[in-house]
Amino acid sequence: MVAVKRVVDYAVKIRVKPDKSGVETQNVKMSMNPFCEIALEEALKIKESGLAKEVVAVSMGPSNCVDTLRTGLAMGADRAIHVEASRDLVPLTVAKLLKKLVEIENPGLLILGKQAIDDDCNQTGQMIAGLLGWPQGTFASKVVLDKEKQVATVDREVDGGLETLCLDLPAVITTDLRLNQPRYATLPNIMKAKSKPIKKFTLEELNVEIKSDLEVVQVTEPPKRKAGVILSSVDELIDKLKNEAHVI
Amino acid sequence: MEKLRATSSLRRSLKSILNRQLSSVSEPRYLNGKRSCQPTFNLIRDHRNLGEANPILYRCFSSVSTVVQRNPSFSTLNPDDISYFKQLLGEKSVIQDEDRLETVNTDWMHKYKGSSKLLLQPRTTEEVAQILKYCNSRRLAVVPQGGNTGLVGGSVPVFDEVIVNLGSMNNIISFDKVSGILVCEAGCILENLISFLDNQGFIMPLDLGAKGSCQIGGNVSTNAGGLRLVRYGSLHGNVLGLEAVLANGDVLDMLGTLRKDNTGYDLKHLFVGSEGSLGIVTKVSILTPPKLSSENIAFLACRDYSSCQKLLMEAKRKLGEILSAFEFLDIQAMDLVLNHLDGVRNPLPATMHNFYVLIETTGSDESYDREKLEAFLLSSMEGGLISDGVIAQDINQASSFWRIREGVPEALMKAGAVYKYDLSLPVEKMYDLVDDMRTRLGDLARVIGYGHLGDGNLHLNVSAAQYDDRILEQIEPYVYEWTSKHRGSISAEHGLGLMKANKIYYSKSPETVKTMGSIKKLLDPNGILNPYKVLPHSLNS
């Protein structure tokens, strides 16, 4: 099972809303979170190597999440699940919802992107592993499955280098940038995706409350960098260092 | 440094030291021990050996049709001139430094090199006017220069013309958010204008691979086409006004910002595409289209050229108003890009296809456009027009598709020597020329075809390890004659510059060219603006 998130496209220039309540998302290109793409690619690779039967893509949010799920299906996922929710969900809620879905679907492996590029939380994978009591391999840069022994060997990218873990399945893996390069959605697959099923769940059905303990108070841009000045002589440089920067 | 010895039949190679200091191109020839006062410009072609230990080989040749003589009526610079310019522009804008001159004397393809001794960088229109007035009175030849990304040798001096580079005039003067009319100075770099407009919710009507360096003044002076012409039309339609300085220093203020103005002869069109030979463009007022939110791009594979054509017809019909770019490249071009450029992935790795087509749509409603595009592609696939394809799912994937198409010229440069031709031909006949050239050249060189299929513009490139006259013989004048026979244009968007200065008759009638000559004589009687280029040399005599 792969969880994917619909976020503002990575290459878009972000603008903060004038009321500082968040980032401008109207009329802005949205796509699948890059790390989620990598997660999906990894799942597809595992399925293609014969170690998995099917790949299920999951997304949570308003109705336009279906676009992201269609992309996932076009890349090669077999089925998709859409949890309908009207508000932005915090990682803990997502983790609780995923737990319910895992109980319904019983996947052998849960793969997520390490973090979403809109909130940079890096929490969902870890939280769901905790809730399920499953082992977790985060920041994966290499995943090798052994079906017989039912373990996954995961290379993790950590500050000091690479750490290799051996996880008993079922497990949670979150993907990092260097794991793989996501495939393009080919036309034949895009056409096939139109007929693949997307199952819808509501929050009531899953019996999860979305009361959030966090409230976004303000969103502001970082302070603007002042433009550099080109000086034309050493005297000017000394003058600026002395009188403006006060360093000499 | 070895002196250049030229004799009449001329095919020589010149070994030189690694720092490419070209030697005595414009120094007088020594004939029989006596000084000849007419230096000859030899077309220098060089081959850059990348990663090899061999010293760089220079191959100089001149055939009868390309020997250009320096016009003896032009004066040469003297110290009084230099001090006048220094006084007029300030020390910083008068450059005589060898290293900097080296760069501005050489064109982007490293095919043409002049020997100018002076680079001027004016900051205002007034300064440009004073420069030209002075040069006109002194009969000093001038080369207007922008980003120096031209591909026909039009932006660099042929001999020792003074280079007037407009790069310092890079202010955006005004922008009207309601009408989308942008007024800016000629030295603004296209990419900077694109970023500025992006913040305002608009885009430039033209887009080309050279956008990081090319300047709008140059784009206007060469009537640049680019990737979006099929949607937004040519600069003749989008430029609402411009300010130009004539050879005698007169400033023509035609900087209107009106969509409609039928008062008198519309002279600005003379300057659009005249490649700096009628006047120096100093300000431009251009109509910019609004930035539409939904951009979709598909990279497709076709089995043969006739499928590409049919696809184009279908696209224009089914995608209609949202189609914003339609480009094609053949298998050799794709091969070249994949081999020579870093970080480029083949979007259709399963097999290599004969032709690749890139279709971009821009519209205001994401889901509507997506549906339209998918429906079109599905029906084309079912109809056998497309053998495979991918649709970009996010902006990153979209840029990577463009990188492939925009990277072809760069890949060609890295592959060695390249003969570049830019032709407008009827769409049905376009690829016949490529096939013909392949037969003619056989094993001598690789022929690559790519271009703006949507506009009927073929970029025919012949790639070889080194420049070789045998290859050139097979190409010219065959390519021009072929084009002429089909009433095509020998230069669709690159312009004539130096490379095709004498070739205009392949695409224009003698009477037309004669009238062009009269206009040139009227606006630039001393012929100081960008001499030796655009119009045939025979017109000057």
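So you know, we letter chains A, B, ... as the sequences are listed, proteins then strands, and number each from 1. Only heavy atoms go into these numbers, but all of them, side chains included; no hydrogens, no water, no symmetry mates.
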Side chain to side chain, [X] and [Y], heavy atoms closer than 4.5 Å:
X: A:I190; Y: B:Q393; result: yes
X: B:N199; Y: A:K13; result: yes
X: B:E366; Y: A:K29; result: yes
X: A:L187; Y: B:I391; result: yes
X: A:P188; Y: B:D388; result: yes

Near [X] [atom1], under 6.0 Å, is it more than 12 heavy atoms from other residues, nucleotides or ligands?
X: B:N396; atom1: CG; value: yes
X: A:K20; atom1: NZ; value: no
X: A:K45; atom1: NZ; value: yes
X: B:R303; atom1: CZ; value: no

Nearest 0.5 Å please: distance from the [atom1] atom of [X] over to the [atom2] atom of [Y].
X: B:L348; Y: A:Y184; atom1: CG; atom2: OH; answer: 9.5 Å
X: B:D394; Y: A:Y10; atom1: CG; atom2: OH; answer: 10.0 Å
X: B:R345; Y: A:Q181; atom1: CZ; atom2: CD; answer: 3.5 Å
X: A:N64; Y: B:S367; atom1: CG; atom2: OG; answer: 10.0 Å

Give the interface residues of residues 291-302 of chain B toward chain A, defined by a heavy-atom separation under 4.5 Å.
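Answer by number: B:S293, B:E295, B:L300.
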Quick one: which residues of residues 372-387 of chain B reach chain A at under 4.5 angstrom, heavy atoms only?
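Result: B:E374, B:L377, B:L378, B:M381, B:I386.
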Does any heavy atom of chain B fall under 4.5 Å from the side chain of [X], the backbone, both, or neither of them?
X: A:S232; result: side chain
X: A:P182; result: backbone
X: A:V28; result: neither
X: A:E37; result: side chain

Which atoms of B:S400 approach chain A - backbone, side chain, both or neither, heavy atom under 4.5 Å
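Only the side chain of B:S400 comes within 4.5 Å of chain A.
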